[in-house]
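Here is the structure we will look at, set down as structure tokens.
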Protein chains: 2
Amino acid sequence: MLLVERGVDPYRGARALPGGFLNHAGEDILDAAHRELREEADLDVARLHLEQLGTYGAPGRDPRGRVISVAYLAIAPELPDPVAGTDAADAGWESAADVLSGRTKLAFDHLRIVTDGIDRARGKLEHSALATAFCRETFTIADLQQVYEAVWGVQLDPRNFYRKVQKVPGFIEPTGQERRATKGRPARLFQAGPTTVLHPPLVRPESTDSEGAR
Amino acid sequence: MLLVERGVDPYRGARALPGGFLNHAGEDILDAAHRELREEADLDVARLHLEQLGTYGAPGRDPRGRVISVAYLAIAPELPDPVAGTDAADAGWESAADVLSGRTKLAFDHLRIVTDGIDRARGKLEHSALATAFCRETFTIADLQQVYEAVWGVQLDPRNFYRKVQKVPGFIEPTGQERRATKGRPARLFQAGPTTVLHPPLVRPESTDSEGAR
DNA sequence: GCAAAAGTGTTAGCAGTACACCCATGA
DNA sequence: TCATGGGTGTACTGCTAACACTTTTGC
């Protein structure tokens, strides 16, 4: 996940989610989320899934006063090194396991927000076709399989996954192209299809523990 | 769903979701949702499922100026006749189908909020044990089946549903009591169990059309 | 007894899993 | 020609839908 190191008080030096305040009274909150992501992480909007996660408005969550934060969950492939922004001394990618376990300390109630975001991402991955958002424009079935294996820490049979994922109508579409790796038979390339909701889920996690994230 | 008839401009006379502004700067947004529900609908918090739905902050959504609304989804059994509140000329229960079809006009962007709420409720019903929130403290398996049949407009086999729902660990728990109807064998009474997430879903809808709601 | 609703047993079919096998490529 | 990853065929198994059947009540 993308975190910034706070350069100003409060919580100076601690890690925090990238974010900020509305620019002016007329700015849409979704536009503001895009803007902050662009300013603090230099993330392009292409191939970027962005959905509202939730709103956090407990009275004491910010020592500066009453702050109500609308959190957005973003998922994107290809991870560029983010650049330091205006009020961020440093920004960089962090392992989700490090944050969830408490090894990386977060400012404000951002650990709670991160926990909610991971839960949402897991649920979305399971019940929708969101997994393709982790892949490039075109991808192989093995690429897609790696997404599912990374998120839940499971090992899937490539042969069964290969057919299962193609049987879901509208999930992925073949492009006719191939990708050659250093070894082995070339793999067919696919792109995301129009389907967004999956019945039934492709994978069903056995235990709901908080491990398995990378 | 619960709607109020607006007594003040803008949209005077139109239907709207119950709601209002924060009382004071220190009020928690969840507390405010509870308060508005109590004030405008006289709804007790017992047996009330209340979860955040989303935040709506498009610049032009309220002609009075910039208003950011945090919407909450509430689900409860037993529907009392709500009483008129402070800024609501009239409040009452409305059919979801009437609202979704456009027969009942809603103020602001509340139709969008309602649509999101129905979608959320359907998804939650399918993947979680939320269906018991529509039932009383104790209920029969047939009661629970009616919830699923009403939400998706499907017809389920009572015999298979009877066993399927009992096989899910922690979903429902027998109370040992029975309920006698006018005819037929008495039914065993159950109560909600600790489980909140269901793998796999009890029912899987075939089509995602917008009908089937009552 | 009869109708109606609750609850049980049984079976065919289907979908998921496991794995043997074949295919196409680089070295 | 061998190793490696991609792709196909197939048997086994566990779950589910369908439905015959039994139980318990009110009338």
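Reminder, nothing fancy here: chain letters follow the sequence lines and each chain counts from 1.
For the segment residues 188-195 of chain A, the set of residues with a heavy atom within less than 4.0 Å of an atom of DNA chain C is empty.
Defined by atom type and a distance below 3.5 Å, a donor-acceptor pair is present between the side-chain atoms of B:R61 and B:S69.
Aromatic ring orientation, A:H110 versus A:F108: tilted (interplanar angle from 30° to 60°).
Between the side chain of A:T196 and the backbone N or O of A:A129, no donor-acceptor pair lies under 3.5 Å. Remark: the backbone N or O of A:Q52 is paired with a side-chain donor or acceptor of A:R120 at under 3.5 angstrom.
Aromatic rings of A:F139 and A:F190 (six-membered ring for Trp) have centroids beyond the 6.0 Å cut-off, not under it.
In this structure, the CZ atom of A:F161 is 17 Å from the P atom of D:dG5, given to the nearest Å. Atom pair A:Q177:CD and D:dG6:C1' shows a separation of 17 Å (rounding to whole Å applied). If you take CG of A:L144 and P of D:dG5, they are 19 Å apart, rounded to a whole angstrom. Note: CD (A:Q155) to P (C:dT17) measures 14 Å, nearest angstrom. For the pair B:K164 NZ and C:dG9 C1', the interatomic distance rounds to 18 Å; values are reported in whole Å. Rounded to an integer number of Å, the gap from CD1 of B:I172 to P of C:dG7 is 10 Å. Here the C1' atom of nucleotide D:dG7 and the CD atom of A:Q166 are 9 Å apart, to the nearest Å.
In this structure, A:Y162 reaches the D:dT8 phosphate: one of its side-chain N or O atoms is under 4.0 Å from OP1 or OP2.
Both B:K167 and A:A187 lie near DNA chain D, and the one whose nearest nucleotide falls closer to the 5' end is A:A187.
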Legend entry - Verdict with reasoning, B:D31 to B:R35, per salt bridge (Lys or Arg N to Asp or Glu O under 4.0 Å): CA-CA 6 Å; B:D31 293 341; B:R35 178 178 52 75; over 6 Å; no
Legend entry - A:K124/A:D119 under salt bridge (Lys or Arg N to Asp or Glu O under 4.0 Å): CA gap, chis, key distance, verdict: CA-CA 8 Å; A:K124 273 273 188 176; A:D119 283 352; over 6 Å; no
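For the pair A:D157 and A:K164, the salt-bridge criterion is not met [side-chain N within less than 4.0 Å of a carboxylate O].
Residues B:T132 and B:F171 are in side-chain contact: their nearest non-hydrogen atoms beyond the backbone lie under 4.5 Å apart.
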Inset, instruction - Assign a letter to each nucleotide of nucleotides 19-27 of chain C from its 5' end: B, base within under 4.0 Å of a protein heavy atom; S, sugar-phosphate only; -, no contact. - result: BB--BBBS-
